[in-house]
Number of protein chains: 2
Amino acid sequence: MGHATGDAAYEDLTARARIRDAAIRLFAERGNDATTVRDIAQAAGVSPGLLRHHFGSKEALREACDHYVLDRIVKIKEELYVENKMASPSFLPSVHPTILLSYKYVTRALLDGSPRAAAMFDDMVALTEQWLGKNAPGVTDDYRAYAAVLVGMQSGMLAMHDHVSRALGADIFTTEGHLRMAGALTDFYSHPLLDPDYVAKAREAITQLRAAAEGA
Amino acid sequence: MGHATGDAAYEDLTARARIRDAAIRLFAERGNDATTVRDIAQAAGVSPGLLRHHFGSKEALREACDHYVLDRIVKIKEELYVENKMASPSFLPSVHPTILLSYKYVTRALLDGSPRAAAMFDDMVALTEQWLGKNAPGVTDDYRAYAAVLVGMQSGMLAMHDHVSRALGADIFTTEGHLRMAGALTDFYSHPLLDPDYVAKAREAITQLRAAAEGA
DNA sequence: GGCGGTGCTATACCGGCGTATAGTCGGCCA
DNA sequence: TGGCCGACTATACGCCGGTATAGCACCGCC
């Protein structure tokens, strides 16, 4: 990570690639607004002017990063998909540092309002909706909402990585923390959390509130 | 004076209260960094200098807002708790606009790194952990991770409200959208999503990856 | 009636941001 | 060898952020 200077492979990259990589790292870490072009330039070991020379503007650089990372992710997903038919869109055992960084980046991009990331979110919702119809038909009668909530929770938890990691005592964007999180997630998806009594009461409360809202 | 809205009750508030309310609204909507003291002043119908006069600095204003909103939330929770013993920390049928705004605010505060919000997150994790031990002892053998994931997903979904709302076709911070979301959430908590075969394979994959990571 | 303090405004200041521009270095081709 | 072109730097510009300061209007108190 902290290729200050001296890492041979890192030094061998073209300046353009170094800028892109540094930008991805910093955007993923701090978000778009909190990252300055001067920060990126320093991290890449170049002058700030070079960013403009190669990418035109900060916004264009961000789009290039979006494109790069999102492409990498769909490629990874395709590989995973053919490799073992894990068709579930829920979670993948993504433990390689690069993959983790990519997820971190996309999560931030979602919060930063990146159109590309938003499109990916929509795709995932659509995919999940289909998957539900095929593989888990009984769980709900509002597939759309269920899929939206599922994808939102999954990506949202990554957005809360600081807090989840703190509670866990391990960074969920490292292999160790990610696996512990994945374990809990598996528990979560395999057992119902609420007992039927409680669920019935909750449903009743919801329908009452809905009726009250419509009546008003 | 007499700025955005001619609402009488609004006009009757002291300038200090108007500033606080405007700040809460804007912080909740755009986050801390993206809202300027000039924005807040304009929304409150006062001059920018007055913010400094009453609160000292932007950061101090934010802390005052944190304090105010968080207090409001714990008060609401206490009321809910005594009213009907809904001891579950999972979700509350919070449909009042003020409550929804409060939740939106805290969610953003979590992303913005507010210490108070983070403390509340930790409290919720601890509470959830206890609750799990009492009310759902069988679901996992890593209570801590389970609770962290649960709270992270729940709050994270709110952080993704833009995208979830877009997928849903309804803003989840309005009563209508929130109830639809709550319905899906109830489905989610009451039925296992993954079938045992799939779960077994997932667990196996996780343990393999863990072993590989430790071996390395 | 004068008078001090408080709520409030107007304006100025400084730093950091993204961006623009002029200029330097070095390799490649005629 | 001369010249050109792309990679790259140094420096400056305009803008806008939070903040500081000076001054004004009002109101209770002696």
Side-chain angles (χ1 to χ4, degrees), chain A residues 3-7 10-66 68 108-109 111-115, chain B residues 1-5 10-66 68 108-109 111-115:
Chain A
H3 351 108
T5 36
D7 186 341
Y10 171 73
E11 292 287 346
D12 281 352
L13 290 173
T14 66
R16 194 173 196 281
R18 285 211 312 272
I19 291 169
R20 185 199 353 95
D21 289 355
I24 289 172
R25 219 180 67 236
L26 289 175
F27 284 152
E29 204 66 46
R30 314 178 189 169
N32 186 30
D33 292 355
T35 307
T36 72
V37 299
R38 287 168 175 84
D39 287 342
I40 299 170
Q42 190 178 5
V46 300
S47 82
L50 197 59
L51 303 219
R52 174 159 213 285
H53 179 69
H54 279 305
F55 294 94
S57 73
K58 186 190 179 187
E59 179 57 24
L61 170 59
R62 201 189 71 145
E63 277 168 26
C65 292
D66 282 8
Y68 185 83
R108 275 234 86 115
L111 297 175
D112 286 344
S114 149
Chain B
M1 291 272 270
H3 233 289
T5 59
Y10 171 74
E11 294 286 346
D12 281 352
L13 289 173
T14 67
R16 195 173 194 282
R18 286 211 313 272
I19 291 170
R20 188 206 340 99
D21 289 356
I24 289 172
R25 221 181 63 237
L26 289 175
F27 284 153
E29 204 66 46
R30 314 178 190 170
N32 186 30
D33 292 354
T35 81
T36 72
V37 300
R38 289 168 174 85
D39 287 342
I40 298 169
Q42 190 178 3
V46 300
S47 81
L50 197 59
L51 302 219
R52 174 161 213 283
H53 179 70
H54 278 305
F55 294 94
S57 73
K58 187 192 180 186
E59 180 57 23
L61 170 58
R62 201 190 70 146
E63 275 168 27
C65 292
D66 282 7
Y68 184 83
R108 276 233 84 117
L111 296 175
D112 287 344
S114 148

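Naming convention: chains lettered A, B, ... in sequence-line order (proteins, then strands); numbering from 1 in each chain.
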Find every protein N or O atom lying less than 3.5 Å from an N or O atom of nucleotides 7-11 of chain D, and list the pairs.
from, atom 1, to, atom 2, distance (Å)
D:dA7, OP2, A:His53, NE2, 3.3
D:dC8, OP2, A:His54, NE2, 2.9
D:dT9, OP2, A:Ser47, N, 2.9
D:dT9, OP2, A:Ser47, OG, 2.9

Listed pairs, N/O of protein and of nucleotides 12-18 of chain D, under 3.5 Å:
from, atom 1, to, atom 2, distance (Å)
D:dG18, OP1, B:Lys58, NZ, 2.8
D:dG18, OP2, B:Val37, N, 2.9
D:dG18, N7, B:Arg38, NH1, 2.8
D:dG18, O6, B:Arg38, NH2, 2.9

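Partners of B:Glu29 by salt bridge (charged side-chain N to carboxylate O under 4.0 Å, His left out), not counting sequence neighbours, listed by chain and number: B:Lys104. With sequence neighbours left out, A:Asp66 forms a side-chain hydrogen bond (donor to acceptor under 3.5 Å, both in side chains) with A:Tyr105, A:Ser114. For B:Asp33, there are no side-chain contact (heavy atoms from CB on, under 4.5 Å) partners, not counting sequence neighbours. For B:Arg16, the salt bridge (charged side-chain N to carboxylate O under 4.0 Å, His left out) test picks out no residue, with sequence neighbours left out. Partners of A:Ala17 under the side-chain contact (heavy atoms from CB on, under 4.5 Å) rule, at least two apart in sequence or in another chain, are A:Leu13, A:Thr14, A:Arg20. Legend: residues meeting side-chain contact (heavy atoms from CB on, under 4.5 Å) with A:Val46, ordered by chain and number and at least two apart, are A:Ala15, A:Arg18, A:Ile19, A:Ala41, A:Ala44, A:Leu50, A:Leu51.
Rounded to an integer number of Å, the gap from CD of B:Gln42 to C1' of C:dA10 is 16 Å. For the pair B:Phe55 CZ and C:dG7 C1', the interatomic distance rounds to 13 Å; values are reported in whole Å. Distance CG (A:Leu51) to P (C:dG18): 9 Å, rounded to an integer number of Å.
Contact annotation: the side chain of B:Arg108 never approaches that of B:Phe27 to less than 4.5 Å [non-hydrogen atoms, C-beta and beyond].
Among residues at least two apart or in separate chains, side chain to side chain donor-acceptor pair (under 3.5 Å) pairs with a member in residues 35-47 of chain A are A:Arg30-A:Asp39, A:Thr36-A:Asp39.
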